[in-house]
Every structure is written in C-alpha cells, then in structure tokens.
Amino acid sequence: MSSYGYTYEDLVEPRFSEIAMWIRDGMSEREIAKNLGVSYASFRNYKKQHLALLALLKKSVVSNPIAKVEEALITSASGQEYKEITRELRYNKKTEDWEMVVTKENIKVMPPNANAQKLFLNAWKPDRYKNKQTIEHEGELGVKKLENYIEEK
C-alpha cells in the first residue's frame, strides 16, 4: 500500500488496457508510471510483485510493431553478424524417408547502413542532425546582382 492509501489493485490493475495502448504508442515505463500516478520505483516494484503486469509489459512490447521497427533500424544502423544456414532435402536410406539436412553454415557480416544511421540520428537529435540547416545572415552577402554583372561586361 502506498502512503496515500492506494494500492496496485486501485492504480494499476484496472488500467491494463491503457497500459497496453501506451506501450503501443511508444511510451517508456517511466512515462507509464507517471500516467498512472505512481513513482517509477513503485512501478518497478509492481513488476516484480505482480506477474500479470510483467506479462502485459512483455507481451505488449513483443507485439509492438513500432518497437520491432525501431529495433530493426538500430540493428541496420549498427550492422551485425548473422549465421546463414543452407539446408537440403535428402533421402535417408535407413529410415526410408526424406529429411532436411544442414549442408553449410556461414557467419556473414551485414555492414552498418549509412541511410539507417542518418534516419536514426535525424530522429534522435533533429536539431543537431537534421538534413537541412538554416543559417541566418545579416548584412550584405558580397555577391553582385546579375544585372550589375552584365552591365559591367
């Protein structure tokens, strides 16, 4: 029970559908705790004490398409190693049946993707990494007008 007399059953449990929606919208656990009106420390304790909340959080994150795309973007931006497995369908004379057999395993490297890095940085700190920067200038540019240039020739 909290110092205000409210419990997990009062503050969190009745709002499971809202919590799932907040996760789908990309909210952090800290933001969810704030929306529920509990401290982040209390929220973390609730996760430890109540398996239903922990299961909801895990299920919502796994089924969250935004989280999946973000994870794929980060993986693409940073690169990765992965195992490529080649399989063949072969006939087994002993069992007299067809079976899938691994014929080759290779470790491959996917290098970092520059476009994914650019997209990630633009979204992470747009004021620092945006595509176009606006430069303010006061005074003359020091460029002659086209008409003046033509007249001089």
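By convention here, the first residue in the shown sequence is residue 1. Here the structure is a predicted model, which means the values were calculated and not measured.
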Minimum-distance pair of heavy atoms, taken over all atoms of Lys104 and Asn106: CD-ND2, 3.4 Å

Rounded distance (nearest 0.5 Å) linking atom CD1 of Ile19 with atom CE of Met21: 10.5 Å

Sidechain-backbone polar pair: Asn113 side chain, Asn115 backbone, donor-acceptor under 3.5 Å: yes

Taking every non-hydrogen atom, the tightest pair across Arg15 and Asn35: NH1-O, 3.4 Å

Contact check, side chains of Met110 and Tyr82, non-hydrogen atoms, under 4.5 Å: yes

Euclidean distance, Ile85 CD1 relative to Met100 CE, rounded to 0.5 Å: 12.0 Å

Transitive ILVMFWY side-chain link Leu119 to Trp124, under 4.5 Å: yes

Side chain to side chain donor-acceptor pair (under 3.5 Å) partners of Arg90, counting only residues at least two apart: Glu88

Nearest-0.5 Å distance, CD1 of residue Ile32 to CH2 of residue Trp22: 7.5 Å

Hydrophobic cluster identity match, Tyr91 and Leu89, side-chain contacts under 4.5 Å: yes

Considering all heavy atoms, the nearest Gln117-Ala77 contact: NE2-O, 2.9 Å

Euclidean distance, Arg128 CZ relative to Leu121 CG, rounded to 0.5 Å: 9.0 Å

Flag side-chain contact, heavy atom, 4.5 Å: Asn92 against Val101: no

Please list, one pair per line, the donor and acceptor atoms closer than 3.5 Å that link side chains of residues 36-45 to other protein atoms, with sequence neighbours excluded.
unit_1 : atom_1 : unit_2 : atom_2 : d
Ser39  : OG     : Ser42  : N      : 3.0
Ser39  : OG     : Ser42  : OG     : 3.0
Asn45  : ND2    : Ala41  : O      : 3.4

Closest heavy-atom pair and its distance - Ile74, Phe120: CG1-CE1, 3.8 Å

Donor-acceptor under 3.5 Å (Thr86 side chain, Thr103 main chain): no

Aromatic plane relationship, Tyr8 with His50 - under 30° parallel, 30 to 60° tilted, over 60° perpendicular: parallel

Transitive ILVMFWY side-chain link Leu54 to Tyr46, under 4.5 Å: no

